[in-house]
Amino acid sequence: MLDLLITHATLPDGRQNMSIAVQAGRITEVTEGLQAPAHETVDADGLLVSPPFVDAHFHMDSTLSYGQPRVNESGTLLEGIALWGELKPTLTHEAIVQRALQYCDIAVARGLLAVRSHVDTSHGSLLPVQALLEVKQRVAPYLDLQLVAFPQDGVLRSPGGLANLKRALDLGVDVVGGIPHFERTYADGTESVKLLCELAAERGKRVDMHCDESDDPHSRHVETLAYETQRLGLHGRVTGSHLTSMHSMDNYYVSKLIPLMREADLGVVANPLINITLQGRHDTYPKRRGMTRVPELMAAGLTVAFGHDCVLDPWYSGGSADMLEAAHMGLHVGQMTSQAAMRQCFDAVTANPARLLGLEGYGIAPGCHADFVLLHARNPVDAIRLRAARLGVWRRGQRVAGQPAPTAELRLPGRPGSVSFL
Ligand code: FE2
């Protein structure tokens, strides 16, 4: 007797009428048309069953703090950093924990079951680190929270920056972060990339740096990140987040840069909602979009993910924990409108970030964790178009969230009485 059987599912790769058999929290079989006795059977009725959404780039220590102590008037990255600096002295452990738990509730309801969150390590108290380590433990039964030691104020620029970051790793933070474009000089930025990659190599950690989050076409720290990755043999374990300067770079230089990034098997995270909002703020018209070169990087064979980055915090006044919203924006900003490109946008919020995080047992295949989402959509393209409702969310074979299929009443002459949006 199976624990759970999903029938008549459409999978993201296009296979239809698939059954997913679950036993003891793992998928045991994925076969067309399988019928078998189970404690619970769910008929997907031809709708899409996807592995859960994964957010490769988020800030859970600042989320849901919008308006505290004021809003970001200029809308720039730098005012956001200054504003966060004003908020930090007033933070409490309990307030961070409560906001983060609230965010994770929303995330689970959206089918978002794995998040890589940066956590600010700049201050000696490591208050955000302690708080998010507690959150990581509390949400572990239903959400994988991976933490990145993020020296928001600059690892070299802030007093004790490197020591604080190392202490965060000692406490159990998973990944080494950085912010080279915020160090005092370009030389310091380069030095920070080198020493942080060396630290990661020494400790066997992954790296995920905020890198070149700027409209400055000469911000080229990603070149150093790729170089250090290959020098230290960190291939496949290093991610460059944002890389917005690539949007503005000279095309000839990019034609040299992308192969170097490929050689290092660098991961890339674009944050479309935030990039389109924060970048281009010093432009008049035309205004740059600021998102890195997603289709070109994908075409070169790099693993590219879309992150959410911010929800209601000093940098962003919107957001909803919906990775389909990030994919929707990425599709538009990157003009990724072919059928293949739209499907790549879906991969950018599922399989690709799962690879960057190094998630074990991710996917819909025998042996994988029984984690999946039933979407009110017939395929990945429709899921993005509709920001489809999550009809059911399963974690280790247990249903942890769900909502009814959306429908609206219609009162039109000669037309049906309702519409389902599909
Ligand atoms: Fe970020």
Side-chain angles (χ1 to χ4, degrees), residues 54-66 72 75-85 87-88 99-100 103 107 112 115-122 128-129 132 145-155 165 168 173-183 189 192-193 196 206-215 219 221-222 225 238-247 267-279 281 290-292 294 304-319 321 323 325-326 329-330 348-349 353 356-357:
V54 180
D55 186 356
H57 189 111
F58 196 64
H59 295 263
M60 211 173 277
D61 48 3
S62 55
T63 194
L64 306 182
S65 69
Y66 181 71
N72 183 336
T76 60
L77 171 71
L78 296 182
E79 186 177 343
I81 294 174
L83 184 46
W84 175 236
L87 177 57
K88 272 195 273 189
R99 286 193 279 101
Y103 184 80
L112 171 55
V115 177
R116 173 182 278 181
S117 174
H118 295 255
V119 53
D120 191 350
T121 60
S122 298
V129 172
L132 289 195
L145 178 58
Q146 192 177 84
L147 297 177
V148 185
F150 175 46
Q152 172 74 78
D153 298 337
V155 72
L165 188 143
V173 170
D174 309 280
V175 179
V176 177
I179 185 165
H181 54 277
F182 194 69
E183 301 294 349
S192 77
V193 173
L196 289 166
R206 291 174 185 265
V207 176
D208 189 337
M209 271 184 214
H210 285 65
C211 193
D212 302 321
E213 189 180 2
S214 146
D215 292 316
S219 188
H221 293 298
V222 61
L225 189 63
V238 176
T239 294
S241 278
H242 290 296
L243 309 182
T244 54
S245 72
M246 285 186 74
H247 187 89
V268 171
V269 180
N271 296 296
L273 293 159
I274 305 311
N275 301 151
I276 196 77
T277 305
L278 294 182
Q279 303 304 314
R281 288 280 181 163
M291 191 170 82
T292 195
V294 171
V304 183
F306 289 139
H308 202 318
D309 199 2
C310 301
V311 171
L312 294 175
D313 69 8
W315 294 272
Y316 189 46
S317 55
M323 295 311 296
E325 191 181 338
M329 181 61 78
V349 291
L356 298 186
L357 267 67

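When reading the values below, keep in mind they use all heavy atoms of this one structure, side chains included, and skip hydrogens, waters and symmetry mates. All ligand and atom numbering here is 1-based and tracks the order in the structure. The chain is numbered in sequence order, starting from 1.
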Which atom name would you report as the N, O or S atom of H59 nearest the Fe ion (ligand 1)? NE2
Supply the atom-to-atom distance M246 CE to T292 OG1, rounded to the nearest 0.5 angstrom. 4.5 Å
To the nearest 10°, what's the angle at the Fe ion (ligand 1) between atoms OD1 (D309) and NE2 (H57)? 90°
Polar side-chain atom of Q146 near backbone of L357 as donor-acceptor pair, under 3.5 Å: yes
Any idea how F150 and H118 line up, ring-wise: parallel (<30°), tilted (30 to 60°), or perpendicular (>60°)? perpendicular
Has the side chain of R99 got a donor or acceptor atom that lies under 3.5 Å from a matching backbone atom of T63? yes
Which N/O/S atom belongs to H210 and is the closest one to the Fe ion (ligand 1)? NE2
